[in-house]
Asks: 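Below is the structure I would like to discuss, written out as structure tokens.
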Amino acid sequence: PERPCYNRRREKLANNSRETTMKRILLLLLLPLLLLAGCSKGDANAPSAGAPAVQGRVTTLSPQEAAAMLAQHKDMLLLDVRSPEELRDGAIERGILTPFWSLVRGTMNLPKDKPIMLVCAIGGRSYAAAQILARNGYRQVYNIRGGIIAWKDAGLPVKYF
């Protein structure tokens with residue numbers, strides 16, 4: 001007879017494999033959006049220097065604009081869509097670690113009446129997540145251009161874990 005712990009381990013491995021496959025499929029579906037978000041240069045609709053860029057219902061802000069907005073709007077949610085491991089590179093004080101895949105799957109229960117700002121490492125994942133939120137009825141959605149790397153390059157404060 002087979003051991004119960006062996007069966008549980010085999011089931012767990014099978015579930016992990018299915019989850020990994022689903023993540024890969026979702027990533028392939030989102031890849032064009034991520035590439036457009038992270039690689040768009042010379043956009044005909046690009047804003048003038050110093051003005052926030054608005055794409056659809058997502059407003060992209062420079063780190064300085066984002067910091068000013070966070071200071072003005074104490075009710076704003078700042079969602080950090082990086083992995084827990086990436087937090088070692090530093091995080092913004094009010095940031096709430098929010099798994100990217102939870103936003104993609106729609107399993108997060110976020111208030112639609114509060115402004116939401118998103119950040120990731122370089123801006124691509126957070127932009128994709130922001131687009132998903134905007135398509136799902138969130139009205140005030142902001143993305144930090146360049147992510148935490150641009151935030152730190154601008155000399156803005158970070159906390160380390």
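Positions are given from 1, in the same order as the sequence printed here. Values reported hereafter were calculated over all heavy atoms of this structure, with side chains retained and with hydrogens, waters and symmetry mates removed.
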Asks: Please examine the side chains of Arg145 and Leu61, heavy atoms only from C-beta on, and report whether any two atoms are closer than 4.5 Å.
Replies: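 A side-chain contact is absent here, since even the closest heavy-atom pair is not under 4.5 Å.
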
Asks: Give me the atom names and distance for the closest heavy-atom approach of Leu118 to Ala129.
Replies: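 Minimum heavy-atom contact is CD2-CB, 3.7 Å.
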
Asks: Would you compute the distance between atom CG of Leu79 and atom CD1 of Ile92 and round it to the nearest 0.5 angstrom?
Replies: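 Separation between the atoms: 11.0 Å.
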
Asks: How many angstroms lie between CE in Met69 and CD in Gln140, if you round to the nearest 0.5 Å?
Replies: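 It is 8.5 Å, given to the nearest 0.5 Å.
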
Asks: Can you list, pair by pair, the side-chain donor-acceptor contacts under 3.5 Å of residues 146-156, counting residues two or more places apart and other chains?
Replies:
residue, atom, partner, partner atom, Å
Trp151, NE1, Pro157, O, 2.9
Lys152, NZ, Asp89, O, 2.7

Asks: What are the two closest non-hydrogen atoms of Arg125 and Ala121, and how far apart are they?
Replies: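 Heavy atoms only, the tightest pair is NH2-CB, 3.7 Å.
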
Asks: Please give me the minimum heavy-atom distance between Val81 and Phe100, naming the atom from each residue.
Replies: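 It is O-CB, 3.7 Å.
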
Asks: Taking the side chain as everything from C-beta on, heavy atoms only, tell me whether Arg88 gets closer than 4.5 Å to Tyr160.
Replies: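 The answer is no; the side chains never approach within 4.5 Å.
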
Asks: Can you check whether Cys120 reaches Asp80 side chain to side chain, under 4.5 Å on heavy atoms?
Replies: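 No; the side chains remain at least 4.5 Å from each other.
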
Asks: Heavy-atom distance under 4.5 Å between the side chains of Met76 and Lys114, does that happen here?
Replies: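 No. Closest side-chain heavy atoms not under 4.5 Å.
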
Asks: Donor-acceptor pair, distance only, cut-off 3.5 Å: does the side chain of Thr107 make one with the backbone of Ser102?
Replies: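 Yes; judged by distance alone, with no hydrogens or angles, the pair exists.
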
Asks: CG of Leu103 to CD of Gln131: how many Å apart, nearest 0.5 Å?
Replies: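 These two atoms lie 13.0 Å from each other.
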
Asks: To the nearest 0.5 Å, how far apart are OH in Tyr142 and CG in Leu70?
Replies: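 Output value for this atom pair is 10.5 Å.
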
Asks: Tell me whether the count of non-hydrogen atoms from other residues, nucleotides or ligands lying under 6.0 Å of CD1 in Ile122 goes above 12.
Replies: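 Atom CD1 in Ile122 is not crowded, with 12 or fewer foreign heavy atoms closer than 6.0 Å.
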
Asks: Give the intermediate values and the outcome of side chain to side chain contact (heavy atoms under 4.5 Å, CB included) for residues Ile96 and Leu78.
Replies: CA-CA 6 Å; Ile96 302 165; Leu78 175 61; over 6 Å; no

Asks: State, with a plain yes or no, whether a side-chain heavy atom of Leu77 is found less than 4.5 Å away from one of Thr98.
Replies: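 They are not in side-chain contact.
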
Asks: Quick one: are Leu87 and Leu97 in side-chain contact, heavy atoms under 4.5 Å?
Replies: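 Side chain of Leu87 against side chain of Leu97, heavy atoms only: contact under 4.5 Å found.
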
Asks: Can you name the closest pair of heavy atoms from Ala66 and Met117 and give their distance?
Replies: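 So the two residues come closest at CB-SD, 3.6 Å.
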
Asks: Inspect the surroundings of CZ in Arg94 and state if more than 12 heavy atoms from other residues, nucleotides or ligands are less than 6.0 Å away.
Replies: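 Atom CZ in Arg94 is crowded, with more than 12 foreign heavy atoms closer than 6.0 Å.
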
Asks: For Ala130 and Val141, work out which heavy atoms get closest and say how close.
Replies: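 Closest approach of Ala130 to Val141, heavy atoms only: CB-CG1, 3.5 Å.
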
Asks: Please confirm whether the backbone N or O of Glu93 pairs with a side-chain atom of Lys159, one donor and one acceptor, at under 3.5 Å?
Replies: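 Judged by distance alone, yes, a pair lies under 3.5 Å.
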
Asks: Does the side chain of Ser126 reach to within under 4.5 Å of the side chain of Ile144, using non-hydrogen atoms?
Replies: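 Ser126 does not reach Ile144 side chain to side chain.
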
Asks: Please tell me if the side chains of Ile116 and Leu133 come closer than 4.5 Å, counting only heavy atoms from C-beta onward.
Replies: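 Contact flag for Ile116/Leu133 side chains = yes.
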
Asks: Check Glu65 against Thr60 and note the closest heavy-atom contact, atom names and distance.
Replies: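 Result for this residue pair: OE1-O, 4.5 Å.
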
